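Read the structure below first, then the notes.
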Number of protein chains: 2
Amino acid sequence: MAKIKRNRNGTRKDVIIAKAAKLFREKGFSATSMRDLAEHVGVEAASLYNHISSKAEILQEICFKTANNFMSHIEEVDANPNKTAIEKIQEILRFHIKQMLDNYEEVYVSDREWKHLTDPYLSNMQSQRRAYRQRIALVIEEGIRKGEIKPIDAPTAVLIMLHAVSGIESWHRSKKKIAGEVLEDNMVQILVDGLRKQA
Amino acid sequence: MAKIKRNRNGTRKDVIIAKAAKLFREKGFSATSMRDLAEHVGVEAASLYNHISSKAEILQEICFKTANNFMSHIEEVDANPNKTAIEKIQEILRFHIKQMLDNYEEVYVSDREWKHLTDPYLSNMQSQRRAYRQRIALVIEEGIRKGEIKPIDAPTAVLIMLHAVSGIESWHRSKKKIAGEVLEDNMVQILVDGLRKQA
DNA sequence: AAATCACGCTAACAATTGTTAGCATTTTAT
DNA sequence: ATAAAATGCTAACAATTGTTAGCGTGATTT
């Protein structure tokens with residue numbers, strides 16, 4: 001009987017998806033049941049289906065919204081011909097960190113649970129992820145050609161960057177120790193300039 | 001009727017756990033059913049219980065074996081007082097990469113699926129992970145004090161290192177592009193000296 | 001005021017889950 | 001050879017899964 005409370009400017013579907021993202025992060029997609037989700041939304045499981053069409057659809061919305069978000073950003077960054085490769089990399093890194101801090105649940109879920117998508121969506125997501133990494137690799141290779149970046153294997157560098165950023169997950173739990181901006185600066189510095197102190 | 005083929009020097013339980021690790025990596029712990037596992041082992045689901053006591057136990061064995069492995073290694077590295085901090089960090093990194101290449105399934109599972117442990121084991125694993133990160137952080141802080149490592153936030157550096165290494169997962173799928181040793185050198189170099197070319 | 005829509009509920013479904021019981025057969029130890 | 005242990009099978013269990021059907025109520029539109 002108690003209706004789902006709708007936040008300002010959001011549909012009830014949005015509320016469900018937000019709660020789902022939280023649960024999917026905590027317990028994983030497969031280990032989260034619709035009754036589980038319903039309880040956190042404050043409603044019976046069957047009632048969810050007035051707003052969404054399936055459990056799978058929830059995961060799809062989370063994953064593709066996030067993926068499009070990152071894809072749009074890199075296109076914007078990459079379109080600017082006045083930026084050096086290092087600057088572009090830094091901007092991409094900072095965007096990832098910011099997204100991780102601001103939309104933690106959804107970014108995390110979309111990164112770890114996309115494997116549970118089913119097939120038209122699964123293949124789509126796989127190629128989108130591949131394309132995204134490829135774009136970053138091209139930026140790095142451009143930087144190598146121009147002498148800004150040392151000649152390392154670009155795909156390896158991309159993997160390191162992206163996975164390093166996803167490590168904020170652990171940071172998120174012990175928030176107090178270090179502020180968001182400090183974290184951002186630390187991460188960018190470590191990745192761009194390394195751990196070793198230069199002579 | 002067809003018995004589980006036992007590898008030389010391995011029990012049937014080991015075979016089950018190895019197959020389970022593969023499935024847990026591909027589909028996740030929750031999405032892998034005992035019947036699924038049984039089929040890959042070549043046996044009926046009920047027969048598995050002659051060798052293991054529960055699905056949960058399989059995950060426990062995978063996680064704790066791997067965790068002990070890493071813990072032993074860092075203790076060994078850290079005990080040597082003649083190594084610089086940078087050398088210790090490099091050894092830890094190389095060990096992680098090697099483990100990821102040699103025991104891929106189990107290392108991956110233990111890193112991504114430990115959340116599905118249940119409670120005496122879950123708490124245990126959480127504190128073991130915390131302790132491990134803490135030890136690495138201490139090495140980094142030692143390096144900072146001695147002027148080998150630039151003064152960054154040590155816990156952040158640890159997160160970056162560990163998550164960067166776990167990125168080999170993606171690399172693993174496209175094996176051909178780059179050999180194991182080259183990968184190792186690239187990763188260590190990027191993390192220790194950064195992306196930027198020094199003037 | 002009447003009709004439509006949005007949205008909640010209960011009850012139920014077929015499928016799948018982890019696991020156990022009981023029995024048959026093969027392997028190992030005595 | 002015989003007893004014991006190991007290991008497989010089939011059948012079944014209770015619980016949980018995602019989802020649908022059908023109904024009622026309150027809000028919105030006409």
Side-chain angles (χ1 to χ4, degrees), chain A residues 1-21 23-24 26-63 109 113 115-119 121-122, chain B residues 1-21 23-24 26-63 109 113 115-119 121-122:
Chain A
M1 198 59 86
K3 289 215 178 156
I4 300 175
K5 264 188 250 168
R6 201 172 38 188
N7 318 10
R8 214 182 337 282
N9 287 354
T11 69
R12 285 172 232 261
K13 184 170 178 175
D14 294 334
V15 175
I16 292 174
I17 291 181
K19 290 278 185 194
L23 289 174
F24 290 173
E26 288 171 1
K27 324 178 37 169
F29 175 76
S30 293
T32 303
S33 75
M34 294 302 276
R35 286 170 180 81
D36 219 0
L37 171 57
E39 193 175 347
H40 281 79
V41 170
V43 98
E44 290 299 316
S47 305
L48 296 172
Y49 289 82
N50 286 322
H51 304 280
I52 51 129
S53 72
S54 69
K55 187 187 180 188
E57 191 210 4
I58 301 179
L59 186 61
Q60 288 154 25
E61 299 239 355
I62 294 174
C63 290
V109 167
E113 304 291 324
K115 284 185 191 177
H116 295 99
L117 291 169
T118 48
D119 213 349
Y121 304 98
L122 179 60
Chain B
M1 197 60 85
K3 287 218 178 153
I4 299 176
K5 264 187 251 169
R6 200 173 39 187
N7 318 10
R8 212 180 339 278
N9 286 353
T11 69
R12 286 172 232 262
K13 184 170 177 175
D14 293 335
V15 175
I16 293 174
I17 290 180
K19 290 279 185 192
L23 290 174
F24 290 173
E26 288 171 1
K27 324 178 38 171
F29 175 76
S30 294
T32 303
S33 75
M34 293 302 276
R35 286 169 179 81
D36 219 359
L37 172 57
E39 193 176 346
H40 280 79
V41 171
V43 98
E44 290 299 315
S47 305
L48 295 173
Y49 289 83
N50 286 321
H51 306 278
I52 51 130
S53 72
S54 69
K55 187 186 180 188
E57 192 211 3
I58 302 179
L59 186 62
Q60 288 153 26
E61 300 240 355
I62 294 174
C63 290
V109 167
E113 303 291 325
K115 284 185 191 176
H116 294 100
L117 291 168
T118 49
D119 212 348
Y121 305 97
L122 179 60

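Note that the coordinates shown come from a computational prediction; the quantities given were computed from them, not determined experimentally. Order of the sequence lines fixes the chain letters, A, B, ..., with proteins taken first and strands second; residue numbering starts at 1 for each chain.
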Sugar-phosphate atoms are those with a prime plus P, OP1 and OP2; base atoms are the rest. Using that split, label each nucleotide of nucleotides 14-19 of chain C B, S or - for protein heavy atoms under 4.0 Å, 5' to 3'. ---BBB
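When the nucleotides C:dC9, D:dC9, D:dT7 are ranked by their closest atom to the side chain of B:R12, D:dT7 comes out on top.
Per the geometry, NE2 belonging to B:H51 stands 14 Å off P belonging to C:dT27, to the nearest Å. Atoms CD (A:E44) and P (D:dG24) sit 18 Å apart, rounded to a whole Å. When rounded to the nearest whole Å, the span between CG of A:N50 and C1' of D:dC23 equals 12 Å. Rounded to whole Å, the distance from CG on A:L48 to P on C:dC7 is 13 Å.
We find the NZ-OG distance between A:K115 and A:S30 to be 12.0 Å, quoted to the nearest 0.5 Å.
Residue B:S47 places none of its side-chain N or O atoms closer than 4.0 Å to OP1 or OP2 of D:dT7.
Side-chain contact between A:E113 and A:I62: absent, with no pair of heavy atoms (C-beta onward) separated by less than 4.5 Å.
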After noting the C-alpha distance and the side-chain angles of A:K13 and A:E57, does the key distance pass the salt bridge (charged side-chain N to carboxylate O under 4.0 Å, His left out) rule? CA-CA 11 Å; A:K13 184 170 178 175; A:E57 191 210 4; 3.0 Å; yes
Pair A:L59, A:Y121 - check side-chain contact (heavy atoms from CB on, under 4.5 Å), show working. CA-CA 10 Å; A:L59 186 61; A:Y121 304 98; over 6 Å; no
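A:K19 forms no cation-pi arrangement with A:F24, by the criterion of a distance under 6.0 Å to the ring centre and an angle within 45° of the ring axis.
In plain terms, the two heavy atoms of A:A21 and A:V109 that are nearest each other are O-CG2, 3.3 Å.
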